[in-house]
Amino acid sequence: MSLVDLHAALDAELAATPEFYDFKVLRTQRDGELWRVWLEPGYVYADGQRPGQASAQALLDDSLDGASAWWGAPVKGGASVLAVLPEDDQLVLHRASTAPPGPDFLIRLYPTRFLHAVRDAWADRAWAERALAALPDLARPQVLDDGPALTGQPFRWLRPAQRAALQLVRHSSAFLWGPPGTGKTTLLGVMLAEYLDRRPDARVLLLSTTNHAVDLATVAVDKALHKGRRDWWRGAVQRLGTRFDAAAYAGREHLIPTDDHDLIGRLARAEAARPSSRDAAALKVWSDRLAKLRDELRAASLQVLRSCRLASMTTTRAAFTLGTLRELATIDDEPPFDLIVFDEASQVSLAQALVLMPLGRARLFAGDPQQLSPVLRSSDRDARRWLGRSAFAEKPVAGPSVALLDEQSRMAAPIGDLVSQLFYDGALRVATDALASPSWQAARRRTLGAVDADTHVFVHQLQTDGAWSAAARGPVRIESADAIAGTVAAALASGDWQSHELIVLTPFRAQRALIRQRLHALGVPDDVKVSTVHRAQGSEAPVVLFDPVDGSQPFLQTEEAGRLVNVALSRAQAKLVLYLSPTDAANPLLAPIVQRLRLAGDQREALPLLELARQPEFPANALGRRVMAGRHTGEVSRVSTDGRQFWMVNERSGAEQLIDAEFWRDRARG
């Protein structure tokens with residue numbers, strides 16, 4: 001691997017990532033100082049792509065908040081995107097230099113492109129060589145013996161795997177593998193709190209992929225310092241950046257670099273008072289107020305980098321401010337930080353992680369490679385190698401630098417076992433302390449309509465498949481949208497469930513919009529979360545309603561889709577309801593779920609395959625029967641026409657296993 005390959009990967013991904021998107025205007029309306037622009041639903045062109053390509057569709061969502069808008073006719077002008085209303089195909093613009101264009105004209109949006117910052121970092125030859133030289137350390141990390149071991153004191157509640165994971169900081173590169181519900185963020189808080197205390201001269205850079213994730217990790221450190229009776233270090237932890245959730249820092253204002261601690265309270269109150277995007281005038285006032293408060297914070301942020309002991313920020317901000325971070329080194333060519341922590345590291349591309357790695361003497365990657373991977377647009381081989389994979393792809397298979405957290409306390413046992421068997425080779429189990437808790441058990445035994453308290457995974461059978469809708473710019477299915485809306489409305493009307501206890505997930509934005517419309521038509525409040533799965537990682541709720549929409553979609557048969565399904569299923573605490581048609585049930589990612597439920601509780605005697613193999617009609621005599629093949633038990637589903645092979649549906653994983661009939665005949669003869 002060379003710098004040439006890496007630069008080629010970045011160029012390929014930048015070429016595949018549109019610099020702008022052109023939308024056709026339906027109509028424009030002035031709203032005080034703002035402008036509302038309605039867009040033609042089926043007309044979205046991406047820079048460098050042919051009109052009508054699927055990758056240019058379904059683009060309009062709230063990720064474009066803050067994008068720059070430009071138009072060249074009838075009068076050239078520009079503006080900032082204050083808000084996006086995807087369901088209405090509408091933009092709300094402010095600070096417009098001229099009136100936006102009218103019907104049939106184009107408006108161009110330029111989203112932020114952080115990949116430019118990564119490319120610029122790799123363009124520095126000396127720094128790039130240091131970054132690339134760090135690559136072998138991921139697979140073959142070194143032991144660092146220059147600091148005291150962490151013990152986890154006084155946190156006696158740490159589980160065995162969590163306590164063992166504390167020793168990861170003794171390695172030059174280490175991996176904390178935290179499947180859903182295993183307490184990864186809480187453990188990170190404990191680990192970093194003790195690290196700061198036992199190594200009083202050490203400095204830490206804590207990074208994560210989103211502002212929300214940075215907030216969670218930063219607050220976890222502060223909580224652990226307080227609960228571990230190490231309050232004297234709490235002021236040395238600083239959350240940099242201005243896009244934080246101010247409400248998360250109520251009572252923790254010391255984490256924000258400003259002398260005006262009341263500023264955090266004012267910011268939190270302002271954020272909580274966000275008006276509806278449909279009230280354009282109120283939204284403008286709110287946005288200006290928020291921007292002014294954040295500007296007051298921005299000036300103070302970088303001044304604290306030299307004095308704080310733990311700085312936290314997003315990986316994007318770290319890429320944009322790499323030059324400043326490098327200047328923190330007190331000795332030339334020495335890393336300015338003793339430890340860099342990449343939280344949610346499975347979503348950080350290898351190229352981005354590597355270019356930040358020289359900032360730290362040791363690196364810890366915390367995340368789950370079985371959940372969402374870095375977003376990649378290019379199909380180029382180098383781009384897949386450097387940008388489509390994370391540092392987890394380079395980790396050792398096993399060893400002291402890798403720790404798997406194997407106890408979860410989120411999902412009821414049947415949901416957890418489903419996730420464990422499908423995605424973690426059966427290694428994930430319900431935590432002992434959770435199973436022993438009556439309140440934990442009771443919270444997961446609740447009735448949802450016709451789904452009784454003891455049923456945790458339920459398939460709502462549908463008659464129709466989803467289909468692509470040009471108007472909606474994506475796959476939609478009316479039957480499942482109506483069924484979900486009815487379930488949610490009935491649950492809320494019963495009084496047994498609250499809005500925040502229900503999450504609706506789907507892979508496709510078009511279906512998300514349709515479900516929201518159906519919920520609104522039934523009077524369901526807007527605070528019921530309806531989300532694409534990509535935006536759901538990090539969330540959880542007692543009830544998850546999952547709609548794959550169209551199991552025949554090629555995307556839903558990919559490796560990345562498997563990670564997406566894992567995220568969807570593992571958000572559920574008590575109830576997981578899947579809306580599946582026969583086509584969905586045949587999807588290779590979803591079929592095992594259906595098969596597991598079908599075979600659950602099968603009381604038929606499991607016949608030893610060895611006995612059946614002694615009979616002349618083998619393997620035809622095994623078809624449809626429950627059998628035992630070594631450690632595996634399941635139902636024989638089909639036999640090849642030549643009788644050489646057959647397939648067994650494993651009743652634990654739900655997956656089909658290919659079995660060699662001649663192997664068993666030989667064993668029977670021998």
Side-chain angles (χ1 to χ4, degrees), residues 1-15 17 112-142 144 146 171-174 201-207 209 240-241 301-303 305-308 310-342 345 348-365 374 378 380-395:
M1 300 298 174
S2 67
L3 286 176
V4 173
D5 296 330
L6 204 146
H7 288 150
L10 289 165
D11 289 342
E13 181 65 4
L14 282 167
T17 305
T112 302
R113 303 184 80 198
F114 90 94
L115 201 58
H116 282 296
V118 177
R119 182 187 63 182
D120 292 344
W122 281 104
D124 182 329
R125 180 83 185 189
W127 184 260
E129 289 176 349
R130 289 178 62 185
L132 193 60
L135 177 61
D137 191 68
L138 294 174
R140 297 181 295 278
Q142 306 300 308
L144 305 176
D146 56 347
H171 299 270
S172 54
S173 293
D201 296 324
R203 303 190 68 208
V204 178
L205 179 61
L206 173 58
L207 305 175
T209 52
L240 300 185
S301 292
L302 293 179
Q303 298 174 8
L305 267 173
R306 291 193 178 276
S307 58
C308 70
L310 186 150
S312 63
M313 64 183 72
T314 62
T315 49
T316 297
R317 181 181 175 89
F320 277 114
T321 60
L322 179 59
T324 301
L325 294 171
R326 289 172 58 181
E327 291 173 4
L328 297 175
T330 55
I331 302 174
D332 288 346
D333 295 329
E334 283 292 314
F337 295 94
D338 296 275
L339 175 66
I340 301 181
V341 177
F342 293 86
V348 180
S349 73
L350 183 58
Q352 186 176 4
L354 278 173
V355 85
L356 297 175
M357 281 176 62
L359 291 171
R361 199 167 53 87
R363 286 81 52 164
L364 173 64
F365 298 89
S378 174
D380 178 80
R381 183 181 63 180
D382 287 329
R384 291 198 303 269
R385 167 73 173 85
W386 294 102
L387 297 164
R389 306 186 312 144
S390 73
F392 272 98
E394 300 289 328
K395 73 174 179 61

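Of all heavy-atom pairs between Ser173 and Pro141, the closest is O-CB, 3.1 Å. When all heavy atoms of Leu328 and Arg203 are compared, the closest pair comes out as CB-NH1, 4.3 Å. Nearest heavy-atom pair, Leu205 versus Leu359, reported as atom, atom and distance to 0.1 Å: CD2-CD1, 4.1 Å. Looking at every heavy atom in both residues, Leu325 comes nearest to Pro336 through O-CG, 3.5 Å. When all heavy atoms are compared, the tightest approach of Ala353 to Phe342 is O-CZ, 3.8 Å. Listed here is the closest heavy atom pair of Ala121 and Trp127: O-CD1, 4.1 Å.
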Start with the C-alpha distance between Leu144 and His171, add both sets of side-chain angles, then the distance that settles side chain to side chain contact (heavy atoms under 4.5 Å, CB included), and finish with yes or no.
CA-CA 5 Å; Leu144 305 176; His171 299 270; over 6 Å; no
For Leu354 and Trp122, run side chain to side chain contact (heavy atoms under 4.5 Å, CB included): C-alpha distance rounded to whole Å, both residues' side-chain angles, the deciding distance at 0.1 Å, then the answer.
CA-CA 10 Å; Leu354 278 173; Trp122 281 104; 3.8 Å; yes
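Rounding to the nearest 0.5 angstrom, the gap separating the CG atom in Asp5 from the CG atom in Leu10 is 11.5 Å. In this structure, Thr321 OG1 and Glu327 CD are separated by 10.5 Å, a value rounded to the nearest 0.5 Å. Between the CG atom of Leu322 and the CG atom of Asp124 there is a distance of 8.5 Å, given to the nearest 0.5 Å. From Gln352, atom CD reaches atom OG of Ser390 across 11.5 Å, with rounding to the nearest 0.5 Å. Ile340 contributes atom CD1, which lies 8.0 Å from atom CE of Met357 (distance to the nearest 0.5 angstrom). Rounding to the nearest 0.5 Å places CG of Leu240 at 10.5 Å from CG of Leu206.
For Arg130, there are no side-chain hydrogen bond (donor to acceptor under 3.5 Å, both in side chains) partners, not counting sequence neighbours.
The closest side-chain heavy-atom distance from Arg363 to Leu339 is not below 4.5 Å. Asp11 is listed as a side-chain neighbour of Arg119, based on a closest heavy-atom distance under 4.5 Å. By the 4.5 Å heavy-atom criterion applied to side chains, Leu14 and His116 are counted as neighbours.
Distance alone, capped at 3.5 Å, places no donor-acceptor pair between the Arg384 side chain and the Arg389 backbone.
Under a 4.0 Å N-O distance rule, the pair Arg385/Glu13 does not qualify as a salt bridge. With salt bridges taken as basic N to acidic carboxylate O contacts below 4.0 Å, one links Arg361 and Asp338.
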